There are 2 protein chains.
Amino acid sequence: MAHKEIGAYHEDDIRLARFAKALGHPARIAILRQLANMNCCFCGDIVEELPLAQATVSQHLKELKVSGLIQGNIEPPKVRYCIDPENWKKAKEMMSAFFNLNPSAL
Amino acid sequence: MAHKEIGAYHEDDIRLARFAKALGHPARIAILRQLANMNCCFCGDIVEELPLAQATVSQHLKELKVSGLIQGNIEPPKVRYCIDPENWKKAKEMMSAFFNLNPSAL
DNA sequence: ATTGTTCATCGCAAATATACGATGAATAAA
DNA sequence: TTTATTCATCGTATATTTGCGATGAACAAT
């Protein structure tokens, strides 16, 4: 029963987990894939691609924004969404570093 | 009413989302980091490293097993956990391919 | 047989996530 | 002004996740 420091996760583990969590739903993967392929697109374009109501898509977009992986620019009356290059790069690097910590066998 | 058609998503998006979701908690990141560093270790070793009760750690281990990222071998009275090299490699490749779909800017 | 160790599972509570319809805000066009 | 379009947010329902104590299963050592 040893000593557990409460709240004792490493900052990098928390950051990586946040990025991973944002990727943890197929709808959000699909959204990011679309944004990456098309560079940028409007919210409505995304709604058309997914089997979800507009409100639900908007919610997934919000989560992706909070995670930092995307950004949204208002171009009335639409909103243009793009991948956030800086955080995308950061997530990519952290994820890559994590998977390269390696089970000797690879 | 939560799930709509799961078939509406692409199989690869579902698989990647499942891996990502498994990584979506700092405790599970920490567990995987420890397993990767030490190659293999006992459940008890992991419990000592985390600020969580044994039951909770066991639950996180179960999720990681279900995701396929780790495997557990019984060596009475202990259980030795290791990263599953095959699925680890698969997750690594899928994640890498995903992040290399690219926002032109990188 | 009894005891101790290690770990999984059960049962429960609280917190989060997922989804949708309805509504609101902002803007353009008539 | 009125109408239509686009998107966010609110309210609500349900599902899933997270966490812990208690208990159980399997085994080793006495």
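The chains referred to below are lettered A, B, ... by the order of the sequence lines, with proteins before strands, and numbering in each begins at 1. These numbers come from a predicted model, not from an experiment.
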Under 3.5 Å, which N/O atoms of the protein pair with N/O atoms of nucleotides 22-30 of chain D?
none

Residues from residues 26-34 of chain B lying under 4.0 Å of DNA chain D - heavy atoms: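 By residue number: B:R28.
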Check your understanding: Do B:Y81 and B:M38 sit in the same hydrophobic cluster, where Ile, Leu, Val, Met, Phe, Trp and Tyr count as joined when their side-chain heavy atoms come under 4.5 Å apart?
Key ->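 Result: no, two separate clusters.
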Among pairs that include at least one residue of [range], which meet salt bridge (charged side-chain N to carboxylate O under 4.0 Å, His left out), considering only residues two or more places apart or in two chains?
range	value
residues 66-81 of chain A	A:E75-A:R80
residues 39-49 of chain A	none
residues 17-41 of chain B	A:D13-B:R33, B:R28-B:E63

Next item on the list: Indicate the ring-plane relationship of B:H25 and A:Y9, choosing parallel, tilted or perpendicular according to the 30° and 60° boundaries.
Entry: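 If you compare the ring of B:H25 with that of A:Y9, the planes turn out perpendicular.
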Backbone N/O of B:G68 and side chain of B:N87: donor-acceptor pair under 3.5 Å: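 Checked: pair present.
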| query | With no hydrogens and no angle check, is any side-chain donor or acceptor of A:S67 less than 3.5 Å from a backbone partner on A:L64? | reply |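 Yes, because the side chain of A:S67 sits within donor-acceptor range (under 3.5 Å) of the backbone of A:L64.
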Starting the side chain at C-beta, find the nucleotide from [options] nearest to [X].
X	options	answer
A:V79	C:dC7, D:dG19, D:dA8	D:dA8
A:Y81	D:dA8, C:dC20, D:dC7	D:dA8
B:Q59	D:dT18, C:dT18, C:dC20	D:dT18

Are OP1 or OP2 of [N] and a side-chain N or O of [X] less than 4.0 angstrom apart?
X	N	value
A:S58	D:dA8	yes
A:T56	C:dT18	no
A:K21	C:dA17	yes
B:H60	D:dG19	yes

For atom [atom1] of [X] and atom [atom2] of [N], their distance in whole Å:
X	N	atom1	atom2	value
B:E63	D:dT18	CD	C1'	8 Å
A:L23	C:dA17	CG	C1'	16 Å
B:N73	C:dT6	CG	C1'	16 Å
B:R18	D:dT17	CZ	C1'	17 Å
B:L52	C:dA15	CG	C1'	15 Å
B:H25	C:dA17	NE2	C1'	14 Å
A:R80	C:dT27	CZ	P	17 Å
B:K62	D:dT17	NZ	C1'	13 Å

Q: Using the ring-ring contact (aromatic ring centres under 6.0 Å, His included) rule, collect all pairs that involve residues 33-54 of chain A, keeping only residues at least two apart or in two chains.
A: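 Passing the test, one end in residues 33-54 of chain A: no pairs.
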Would B:C82 and B:I70 count as a side-chain contact (heavy atoms from CB on, under 4.5 Å) if you check the C-alpha gap in whole Å, the side-chain angles of each, and the deciding distance to 0.1 Å? CA-CA 6 Å; B:C82 317; B:I70 70 172; over 6 Å; no
_Does this structure show an ion pair linking B:K90 with B:E86, if we count only N-O contacts that are shorter than 4.0 Å?_
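Looking at B:K90 and B:E86, the cut-off is not met.
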